[in-house]
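Single-structure report; data block below.
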2 protein chains.
Amino acid sequence: MTETTQDGSARTSSTRHQGLDRDDVIDAALELVERGGGDALTMRKLAAELGVSPTTIYWHIGNRDELVLAVVRRQAERQAATRVRGRSAQERVSSAARNIWRNALAHRNVTALATQAGATTLLELPLETTLVAELEVAGVRGVAARDALRSILAVIAGFLVLTWRRDDVPDELHPATLWAQVDDDRLSSQTLTALKGRSDPDKLFERTMRSVVEGILADVDR
Amino acid sequence: MTETTQDGSARTSSTRHQGLDRDDVIDAALELVERGGGDALTMRKLAAELGVSPTTIYWHIGNRDELVLAVVRRQAERQAATRVRGRSAQERVSSAARNIWRNALAHRNVTALATQAGATTLLELPLETTLVAELEVAGVRGVAARDALRSILAVIAGFLVLTWRRDDVPDELHPATLWAQVDDDRLSSQTLTALKGRSDPDKLFERTMRSVVEGILADVDR
DNA sequence: ACCTGAACACCGTTCAAGT
DNA sequence: ACCTGAACACCGTTCAAGT
């Protein structure tokens, strides 16, 4: 059993099956998630990937919940602090918010996993800190800053849910399909037609976020 | 085997183990979800609940995915159309949005299940239609109405994610706990203190939604 | 038409045992 | 210290078989 490896693939640079450490396990787990989503992260698949018995995972990490948290933490480290752009307060706050949004889009599988595990703050804390810093510069402080942050994060989370839904869902559940079956007197035909189409999530995000940030900044002067 | 029932509980008014039909299965499934969340909806538990073998479920409904959709459809029927309040366009649109939000809070388990299955539109279509109708009255039509709807739904979804997270998640993952460990020069001490506290999700929802609806209605006159 | 039992291919997790 | 094998209690799903 010591001689045979599952398949011939030489994946990571590290040796496997002996000298395996916690970091190797987490790296492999993150890779598994990025390739196949959170559902692909099973103890058995991960063990197979590492050429090791499932119980070995339990020795290095605790159980699956702890593994997920470790994966999220690793991704959090990798999310290098991105730069904030813009001159006005409005622009800079929006830019910091957009950074979180774009990052989540770029790493959707890990982000979805974190959301599911209730660990989004763990994942985004550095980026959120930057956002709050920009709010401070804009004069939003204390409880107002906290509420502003939560508000902005809610909008981001909402758009992520909306965007994620598009791919993996059967056609019969798409809004476009369902609206095509609606026939209501209260709605004009032009609106009904529009509802059968798709929105550009990026443009919509920008517009919505602008309204929310404007609302937040408007409260400062009171 | 025909004589013994799992336990002595007489649950629904209908007979069980014979004369069981599709509707009974869906009702029991919905009840299971409302009690224990989506994870509690397993074919085997549902079968046990009905005093029947798991394979029977497959005969009446298809597989688990179809069962979930059936459950969501049933809940959609039950969500009686709620009344829209307010006089101004701003108030009425917000009221229609709030109806969706409140409904989701009241039936969080089914709503979470629907979200997970990508079937929120299936669940909310009647309430969404009412919302669009109010947008029409406010002069928002066609593509603008569609985008406004999606925008508003994103905000609702975001606040749901934010609110759901509060209960079932370990303390070490709560924003309050994580922010307590942050020490960043860019943040004032009063803001750091505030970040350790919780926001009132309802108030925050109202304020954020007001900004978004204002933004939507402001575009009408252009 | 309606339901069961056995079976398959998966899970997470524990525990005694090996080196 | 690090790893394995066997086992337990769960999943969803299929399929031949019973009435």
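Computation of the quantities below employed the complete heavy-atom set of this structure, encompassing side-chain atoms and omitting hydrogens, waters and symmetry-equivalent molecules. Sequence lines set the chain letters: A, B, ... in the order given, protein chains first and strands last, and positions in each chain run from 1.
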Minimum heavy-atom distance between A/Gly197 and B/Arg146, given as atom pair plus value: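 The answer is O-NE, 3.8 Å.
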Contacts to DNA chain D from residues 110-118 of chain A, heavy-atom cutoff under 4.0 Å, which residues?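 Under 4.0 Å from DNA chain D: no residue of residues 110-118 of chain A.
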Would one find a side-chain N or O of B/Thr56 under 4.0 angstrom from OP1 or OP2 of C/dC3?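 No, outside the criterion.
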Contact under 4.0 Å: A/His60 side-chain N or O vs D/dC3 OP1/OP2: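 Yes, within the criterion.
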Using atom types as modelled, flag every donor-acceptor pair under 3.5 Å from a side chain in residues 116-125 of chain B to any protein atom, sequence neighbours excluded.
residue	atom	partner	partner atom	Å
B/Thr120	OG1	A/Arg165	NH1	2.4

Check the distance between D/dC15's C1' and B/Trp59's CH2 and give it to me in whole angstrom.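 Value for this atom pair: 16 Å.
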Mind calculating the distance between CD1 (B/Ile57) and P (C/dG5) to the nearest angstrom?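 Answer to the nearest Å: 14 Å.
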Per-nucleotide protein contact string for nucleotides 6-12 of chain D (B base, S sugar-phosphate only, - none; heavy atom under 4.0 Å): BB---BB
Check: [Y] main-chain N/O paired with [X] side-chain donor or acceptor under 3.5 Å:
{"X": "A/His107", "Y": "A/Gln75", "value": "no"}
{"X": "B/Arg74", "Y": "B/Asp23", "value": "yes"}
{"X": "A/Thr208", "Y": "B/Ser151", "value": "no"}
{"X": "A/Asp21", "Y": "A/Asp24", "value": "yes"}

Expected list for residues 63-71 of chain B: side-chain donor-acceptor pairs under 3.5 angstrom, two or more places apart:
residue	atom	partner	partner atom	Å
B/Asn63	OD1	B/Asp65	N	3.4
B/Asn63	OD1	B/Glu66	N	3.2
B/Arg64	NE	B/Leu41	O	2.9
B/Arg64	NH2	B/Gly38	O	3.1
B/Arg64	NH2	B/Leu41	O	3.1

Determine whether B/Phe205 and B/Leu105 satisfy the following criterion, side-chain contact (heavy atoms from CB on, under 4.5 Å), listing intermediate values before the conclusion. CA-CA 12 Å; B/Phe205 174 83; B/Leu105 285 181; over 6 Å; no
Pairing string of DNA chain C (Watson-Crick or G-U wobble, both atom distances under 3.5 Å; | = paired to other strand) is ||.|||||...|||||.||
Evaluate the criterion side-chain contact (heavy atoms from CB on, under 4.5 Å) for residue pair B/Arg186 and A/Thr130; output intermediate values, then yes/no. CA-CA 8 Å; B/Arg186 298 173 293 173; A/Thr130 302; 3.5 Å; yes
Could you go over nucleotides 16-19 of chain C and give all protein N or O partners under 3.5 Å, atom names and distances?
none

Residue among B/Asn103, B/Val110, B/Asn99 satisfying side-chain contact (heavy atoms from CB on, under 4.5 Å) with B/Gln79: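 For B/Gln79, the side-chain contact (heavy atoms from CB on, under 4.5 Å) check succeeds only for B/Asn103.
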Working for side-chain contact (heavy atoms from CB on, under 4.5 Å), residues A/Ile156 and A/Ile152: CA-CA 6 Å; A/Ile156 294 173; A/Ile152 288 171; 4.1 Å; yes
side-chain contact (heavy atoms from CB on, under 4.5 Å) between A/Thr115 and A/Val161, worked out: CA-CA 10 Å; A/Thr115 303; A/Val161 170; over 6 Å; no
Going through the distances and angles, do A/Glu77 and A/Arg73 end up as a salt bridge (Lys or Arg N to Asp or Glu O under 4.0 Å)? CA-CA 6 Å; A/Glu77 291 164 16; A/Arg73 257 185 275 264; over 6 Å; no
